[in-house]
Number of protein chains: 2
Amino acid sequence: MEPSHRNLAHQVVHELGKKIMEGTYKVGDSLPSEADLCTQFNISRTATREAVKMLTAKGLISSRPRQGIKVVDSKYWNLFDVDVLNWILLGKPDLYLLRHFLQLRLAIEPEAASLAAQFAQESDIENIEHALVRMKNATNGQDDTHEADIDFHQSVLCASNNPFFIQLNNFIETALKINIRFTNRLVAVTVEEYQAHVDIFEHIKNKEPQAAFDAALITQKETLAIVNNQIAVLESK
Amino acid sequence: MEPSHRNLAHQVVHELGKKIMEGTYKVGDSLPSEADLCTQFNISRTATREAVKMLTAKGLISSRPRQGIKVVDSKYWNLFDVDVLNWILLGKPDLYLLRHFLQLRLAIEPEAASLAAQFAQESDIENIEHALVRMKNATNGQDDTHEADIDFHQSVLCASNNPFFIQLNNFIETALKINIRFTNRLVAVTVEEYQAHVDIFEHIKNKEPQAAFDAALITQKETLAIVNNQIAVLESK
DNA sequence: CATTTACAATTGTATGACAAATCATAGTAA
DNA sequence: TTACTATGATTTGTCATACAATTGTAAATG
């Protein structure tokens, strides 16, 4: 992987991005002026401005003469950007955020499985199967549980052969990581989970879109139902 | 709305972004060096570099010493970025791209309708209703057909009260525009289309998630089926 | 032949100066 | 008073120049 701090500007982007996501700078707030950022980070205006431009490109801030640098409304944020997702992860994800992730996964993953059953190439099938093997090894502790799980979901997405679904790789990865953090699954994958994944794989391999869709849907619905319950309990107090 | 070319860097971002999307610079290709871009656009290195950083932030290019500026693999592109979507629209969208858009809409919109039925606020309902009125007016030629249509779909997305779904506003808007371009719907919305939208609205208003989901699903499936047929015809030749 | 060294090309960073935009204020005229 | 105007101050926008850091290529060296 690429180091995310290849240069000064990238480092500043990360620092500021994190601070925006964790709420140090809230929507509508002004960030320090270019001059102040220069002194704070002890860098030149060149680097500072490049950082500001990058955050602008990701939809987090706007920067205008005299008006300064401001955090824009969150509906403009590029929530599917890799960096933004990582900053979200570094923040303090709550149950509501987890639910938002799960709601979109419920929309995406079954359809992705269906598309995979229709459009997967030989190599795509192999990738999914490889991920399954990793998951099986993970149940024996021979491989990393979480990585294998993420691997499986991503290989299905890629098998859809739809660039938009593939671009959601980062989203799914972050969703899974947050999910892991909440469920505290420090141990191996359960047999039931593994079997559910095998089912999805089989339907994709046999080119049964509807069956693949249904299999993926069940998994997602169960997970979402759990979180919905947790939230209901939380709100009833 | 904000002019997208508030300053030099933004203009360059637009020019280069368009060229990447229309294939002038293909994946793996090198863009002109900073120095060359400066002379080509007749601007300073400052502006050039800021533009390069913005495109980097959108995942389109990478820029390294001695290696130059290169278009990175399309799986890293932020396809859900407003600008990127607009550049895609400016390119030459083909039937396959339209299908990719429709496939994701099929995943997103029914679930969005379901969520809207569960989580919509009073104001959200009003927004959807307002969009419906615009559509009715559009059938009489009293309002812009396409705008009203886009308005409806976006208001449903927003009613989901899920930031990730809301962020897909731009995606849906672009999808609809491409759809319009292909179907050549220069005239008014059909009565059937309008009725379908009314159905979705009613189910959302009555807080019937599953019914809202189904109603939205049917619309999407029909559209996708048409395009799948067109592609099948095309490929059989 | 392998290894090291030196060079060249390209981006990375810093600085200083001035331009342009825009908000706030004070001043001016009706 | 009120509305408009002029002015000034603040902040980002742009430019030019210089040098540092990175890295691929080729020459020199053992």
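A, B, ... follow the sequence lines: proteins, then strands. Residue 1 opens every chain.
For A:Arg66 and C:dC23, the CZ to P distance is 8 Å, given to the nearest whole Å. For the pair A:Arg49 CZ and C:dG12 C1', the interatomic distance rounds to 16 Å; values are reported in whole Å. Between the CD atom of B:Glu50 and the P atom of D:dT12 there is a distance of 12 Å, given to the nearest Å. Atom pair A:His10:NE2 and D:dA21:C1' shows a separation of 16 Å (rounding to whole Å applied). D:dA16 atom P lies 11 Å from atom CG of B:Leu8, rounded to whole Å. We find that CG of B:Asn7 is positioned 6 Å from P of D:dG13, with the value rounded to whole Å. The CZ atom of B:Arg6 sits 17 Å away from the C1' atom of C:dA19 (whole-angstrom rounding). Summarising the geometry, the separation between CD1 on A:Ile61 and C1' on D:dT12 is reported as 12 Å, rounded to the nearest angstrom.
When only modelled atom types and interatomic distance are considered, A:Glu111 and B:Gln103 share no side-chain donor-acceptor pair under 3.5 Å.
For the pair A:Ala9 and A:Arg45, both in contact range of DNA chain C, the more 5′-proximal nearest nucleotide belongs to A:Ala9. Nearer the 5' end of DNA chain D, as judged by each residue's closest nucleotide, is the contact made by A:Leu31, out of B:Asn42 and A:Leu31. Comparing A:Glu34 and B:Ser44 along DNA chain D, the residue whose closest nucleotide (by nearest heavy atom) sits nearer the 5' end is A:Glu34.
The side chain of B:Ala47 lies closest to D:dC15 when the candidates are D:dC15, C:dT13, C:dT10. Of the listed nucleotides (D:dG8, C:dT13, D:dC15), D:dC15 has the atom at the smallest distance from the side chain of B:Ile43.
The side chain of B:Lys53 contributes an N or O atom lying less than 4.0 Å from OP1 or OP2 of C:dG12. Contact check, A:Gln67 against D:dT12: no side-chain N or O comes under 4.0 Å of OP1 or OP2. Side-chain N/O atoms of A:Ser63 include one lying less than 4.0 angstrom from OP1 or OP2 on D:dG13.
Proximity of B:Asn179 to B:Phe101: side-chain heavy atoms (C-beta onward) are nowhere separated by under 4.5 Å.
With respect to B:Lys70 and B:Asp29, no salt bridge is recorded, no charged nitrogen being found less than 4.0 Å from a carboxylate O. Under a 4.0 Å N-O distance rule, the pair A:Arg105/A:Glu109 qualifies as a salt bridge. Between B:Glu15 and B:Lys19 there is no salt bridge, since no side-chain nitrogen of the basic residue lies less than 4.0 Å from a carboxylate oxygen of the acidic one.
For C:dA14, its base sits under 3.5 Å from the side chain of A:Thr46 at one donor and acceptor pair at least.
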